[in-house]
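Please read all numbers here as calculations on a predicted model, not as lab measurements.
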Amino acid sequence: MAVKDPSNQHILHHIHVWAAIREYVVEILPTGLPTVLRTDMPAGSWECVGLEPTKDEFDAAAAIALADPQRFLTVIAKDMSEYRAMATSHGFDILAQEALMTLDLAAIPPESDRTASFVKEVETAQTGIATRCRLKVKTSDEEGSKLAASGQVGIHEDMAVFDRIKTEDDFRRKGLGTLVMQTLGAEAHARGATKGWLIGTPDGQKLYQQLGWEQNYWVLVLGNKNIIKNP
């Protein structure tokens, strides 16, 4: 069973684990909303995050985000209609709409024989509060040991945050996305995590749903599309 109605504490925990495995910095704004220093983007890129913020909270976060074009705002909510209207009123561009999804890790199915010829390499490290497991799936030595798929998961207490799940273009439709999710899920479950969390792109959501993941919230990313690339 997925997590039912994640709370602000769940979302804050998710942000801290996700930031840890990417080695980002998290600070709490005076408004109470968390903000993340995105070290994978140009200097000064901060991402403010709010779970179903009130209009006053949205306006305050928007003022902070709009004070610098390198900042952007991410809203997590069940219904995005009012936040789209608020975004338009503040002059934000919609950079992405994704989905926050969760899964009971005990429900992960076994691996398929279809991917048995691929080689899995798992690298584990402690990054901040999280144990990070990075997976690379490659072809066999006989086939040139080419990178076919990859991903990572961060584990802290009962939470596992899945991140950067990718199948290389030449290896799509071979079951490797499923293999990555199953392998990382098994690694996380073996380390004590019981619930999986991720932010799914439109392309990834279909795969995750097939694997039993359930959507909890929509995720709307707002900013200046001429400045913020690939948020």
Side-chain angles (χ1 to χ4, degrees), residues 1-4 6 10-11 13-23 98-219:
M1 179 183 293
V3 178
K4 185 177 181 181
H10 284 120
I11 300 301
H13 191 188
H14 177 278
I15 291 168
H16 278 281
V17 175
W18 170 74
I21 61 175
R22 290 197 178 194
E23 301 183 51
E98 301 173 326
L100 188 152
M101 308 178 78
T102 59
L103 175 74
D104 182 344
L105 294 179
I108 295 175
E111 294 178 15
S112 167
D113 292 340
R114 183 182 175 196
T115 55
S117 64
F118 289 89
V119 177
K120 298 184 296 183
E121 298 177 358
V122 179
E123 175 189 274
T124 303
Q126 191 68 29
T127 55
I129 66 169
T131 300
R132 181 180 65 199
C133 297
R134 280 182 170 166
L135 171 67
K136 292 181 179 179
V137 178
K138 298 181 177 181
T139 59
S140 65
D141 290 341
E142 292 78 9
E143 295 176 320
S145 191
K146 296 178 182 178
L147 180 65
S150 58
Q152 62 182 9
V153 65
I155 305 111
H156 181 249
E157 298 176 350
D158 64 346
M159 179 177 284
V161 177
F162 292 68
D163 184 43
R164 290 178 169 166
I165 309 301
K166 181 180 180 182
T167 300
E168 301 300 322
D169 289 343
D170 291 344
F171 296 94
R172 294 186 180 277
R173 309 188 80 81
K174 296 181 182 293
L176 295 181
T178 297
L179 177 64
V180 169
M181 296 299 291
Q182 290 170 332
T183 303
L184 292 176
E187 291 282 343
H189 196 243
R191 287 171 170 77
T194 59
K195 298 294 183 184
W197 295 70
L198 61 77
I199 303 294
T201 64
D203 287 342
Q205 289 166 34
K206 184 176 180 180
L207 168 65
Y208 305 140
Q209 288 169 347
Q210 290 173 345
L211 295 175
W213 290 74
E214 296 180 13
Q215 179 178 331
N216 296 90
Y217 290 106
W218 289 111
V219 179

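- With sequence neighbours excluded, no residue satisfies side-chain contact (heavy atoms from CB on, under 4.5 Å) with A116.
- Closest approach of L105 to A188, counting heavy atoms only: CD1-CB, 4.1 Å.
- Partners of Q210 under the side chain to side chain donor-acceptor pair (under 3.5 Å) rule, at least two apart in sequence or in another chain, do not exist in this structure.
- Not counting sequence neighbours, E143 has no partner by the salt bridge (Lys or Arg N to Asp or Glu O under 4.0 Å) test.
- Side-chain N or O atoms of T167 include none that pairs as donor or acceptor with a backbone N or O of A149 at under 3.5 Å.
- Atom NZ of K120 is separated from atom CG of L176 by 11.0 Å, given to the nearest 0.5 angstrom.
- Considering only residues two or more places apart in sequence or on other chains, E142 meets the side chain to side chain donor-acceptor pair (under 3.5 Å) condition with S140.
- Distance check, rounded to the nearest 0.5 Å: OG1 of T183 to NZ of K136 gives 15.5 Å.
- I199 has its side chain within reach of H14: a pair of non-hydrogen atoms, C-beta onward, lies under 4.5 Å apart.
- The stretch residues 196-211 participates, sequence neighbours left out, in no salt bridge (charged side-chain N to carboxylate O under 4.0 Å, His left out) pair at all.
- For A148 against F118, the heavy-atom pair with the smallest separation is CB-CE2, 3.9 Å.
- Q209 is linked by a side-chain contact (heavy atoms from CB on, under 4.5 Å) to M101, counting only residues two or more places apart in sequence or in another chain.
- In terms of heavy-atom proximity, A130 sits nearest to V17 at CB-CG1, 4.1 Å.
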L135 vs V122, test: side-chain contact (heavy atoms from CB on, under 4.5 Å). Steps then yes/no. CA-CA 5 Å; L135 171 67; V122 179; 3.7 Å; yes

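- Taking H10 as the reference, S7 meet the side chain to side chain donor-acceptor pair (under 3.5 Å) condition, with sequence neighbours excluded.
- The salt bridge (charged side-chain N to carboxylate O under 4.0 Å, His left out) contacts involving residues 181-194 comprise E187-R191, where partners must be two or more places apart or lie in separate chains.
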List the atom pairs, with distances to 0.1 Å, where a side-chain N or O of residues 150-160 and a protein N or O form a donor-acceptor pair under 3.5 Å, not counting sequence neighbours.
from: Q152; atom 1: OE1; to: R134; atom 2: NE; distance (Å): 2.8
from: Q152; atom 1: NE2; to: D163; atom 2: OD2; distance (Å): 2.8
from: H156; atom 1: ND1; to: H13; atom 2: NE2; distance (Å): 2.9

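- One distance of note links CD1 of I21 with CD of Q126; it measures 12.0 Å at 0.5 Å rounding.
- In this structure, L198 and I165 have side chains that are not in contact, with every pair of non-hydrogen atoms separated by 4.5 Å or more.
- A search for side chain to side chain donor-acceptor pair (under 3.5 Å) contacts involving T115 returns nothing, not counting sequence neighbours.
- Here the shortest heavy-atom pairing between K138 and S145 reads CD-OG, 3.7 Å.
- Contacts classified as side chain to side chain donor-acceptor pair (under 3.5 Å) and involving residues 172-181 (residues at least two apart or in different chains) are given here: D169-R172.
- Counting only distance, with no hydrogens or angles, the side chain of Y217 and the backbone of P6 share a donor-acceptor pair below 3.5 Å.
- Between Q205 and G200 the shortest heavy-atom distance is NE2-O, 3.0 Å.
- Evaluated for a side-chain contact (heavy atoms from CB on, under 4.5 Å) with W197, the options L103, N216, T102 yield exactly one hit, T102.
- Partners of K146 according to the side-chain contact (heavy atoms from CB on, under 4.5 Å) rule, which considers only residues two or more places apart in sequence or in another chain, are T139, F171.
- Across every non-hydrogen atom of W213 and M181, the tightest pair is CZ2-CE, 3.6 Å.
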